[in-house]
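Heads up, the thing below is written out as structure tokens.
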Amino acid sequence: ETGVTQTPRHLVMGMTNKKSLKCEQHLGHNAMYWYKQSAKKPLELMFVYSLEERVENNSVPSRFSPECPNSSHLFLHLHTLQPEDSALYLCASSQSGTDTQYFGPGTRLTVL
Amino acid sequence: AQTVTQSQPEMSVQEAETVTLSCTYDTSESNYYLFWYKQPPSRQMILVIRQEAYKQQNATENRFSVNFQKAAKSFSLKISDSQLGDTAMYFCAFMKHNSGNTPLVFGKGTRLSVIA
């Protein structure tokens, strides 16, 4: 399944670092999502972009900053993260007007 | 707000046997979608099956079928002829009916192990 790709697959960073997660979809979709998957918790929605505009921000701290330069790419910029931000970050895409979301393989983030 | 509950954190099944994973949800919406996603150790979240709430017929995809009970707000997944490759985390998810870009609400998941 290579419709949605994410890089890097693994990332270790210190609390003072700045890094970015990248998501790319090759499915011609026009909506993209960031979800956070922490241990023993359900997947939580972070952001939704539709036609490159942010349509939902699920009360995410400002140390997470999304960017959607075009309908195929979605970034999550990270700065001054906390150890509790360690999680699997999943990107997904869908076509507006349809219901099925397709997921990438995720980035496993560890904050030291 | 919608919630999704998966009451079985872990389950196991013998290869070739049948297993049923439970899911209940809470919503005041009348039109919505329900999904089962599979997440193997590779972490890729893969759609297994989807159900539209306005359809009474239960969805089926090869060895996977659902028992959708709208009044009871129940959406269980049955896996027949279980295979070793079915070993994974299984997530039940809910989505309100919308014109698009509506987020999924997930349960906590059930870890299924298929034993040879």
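The sequence lines fix the lettering, A, B, ..., with proteins before strands; numbering per chain opens at 1. Just so you know, these numbers use all the heavy atoms, side chains as well, and skip hydrogens, waters and symmetry mates. As the structure is a prediction and not an experimental result, all values here were calculated from the model.
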Which residues in residues 107-116 of chain B have any heavy atom lying under 4.5 Å from a heavy atom of chain A? G107(B), K108(B)
Between Q37(A) and chain B, with a heavy-atom cut-off of 4.5 Å, which part of the residue counts as in contact: side chain, backbone, both or neither? side chain
Closest non-hydrogen contact found for D86(B) with I79(B) is OD2-CG2, 3.7 Å
How close do T27(B) and E29(B) get, heavy atom to heavy atom, and via which atoms? OG1-N, 3.0 Å
In the single-linkage hydrophobic clustering (I, L, V, M, F, W, Y; side-chain heavy atoms under 4.5 Å), do F75(A) and F47(A) co-cluster? no
Please check if any side-chain donor atom of Y33(B) sits under 3.5 Å from a side-chain acceptor atom of T100(A), or the reverse. no
Spacing of S71(A) atom OG and M32(A) atom CE [to the nearest 0.5 Å]: 8.5 Å
Take F75(B) and Y25(B) through the ring-ring contact (aromatic ring centres under 6.0 Å, His included) test and state the conclusion after the steps. CA-CA 8 Å; F75(B) 184 62; Y25(B) 58 95; 7.4 Å; no
Side chain / backbone / both / neither for R50(B) at chain A, heavy atoms under 4.5 Å: side chain
Tell me yes or no: between the side chains of S20(A) and H77(A), is some donor less than 3.5 Å from an acceptor? yes
Identify which part of M45(B) has an atom lying under 4.5 Å from any heavy atom of chain A, answering side chain, backbone, both or neither. both
Please round to the nearest 0.5 Å and tell me the distance separating atom SG of C23(B) and atom CG of N67(B). 12.0 Å
Classify the angle between the aromatic ring planes of Y37(B) and F35(B) as parallel (below 30°), tilted (30 to 60°) or perpendicular (above 60°). tilted
Distance in Å, Q51(B) CD paired with K70(B) NZ, rounded so as to fall on 0.5 Å steps: 10.0 Å
Tell me, side chain or backbone of Q39(B) under 4.5 Å from chain A's heavy atoms, or both, or neither? side chain
Contacting moiety of L104(B), where chain A heavy atoms sit under 4.5 Å: both
Calculate, to the nearest 0.5 Å, the distance between atoms NZ and OG1 belonging to K73(B) and T24(B) respectively. 10.5 Å
Establish, yes or no, whether a centroid distance under 6.0 Å links the rings of Y102(A) and H29(A). yes
Just to be sure I understand the criterion: a residue of residues 79-91 of chain A counts if one of its heavy atoms is under 4.5 Å from a heavy atom of chain B. Which ones qualify? L88(A), L90(A)
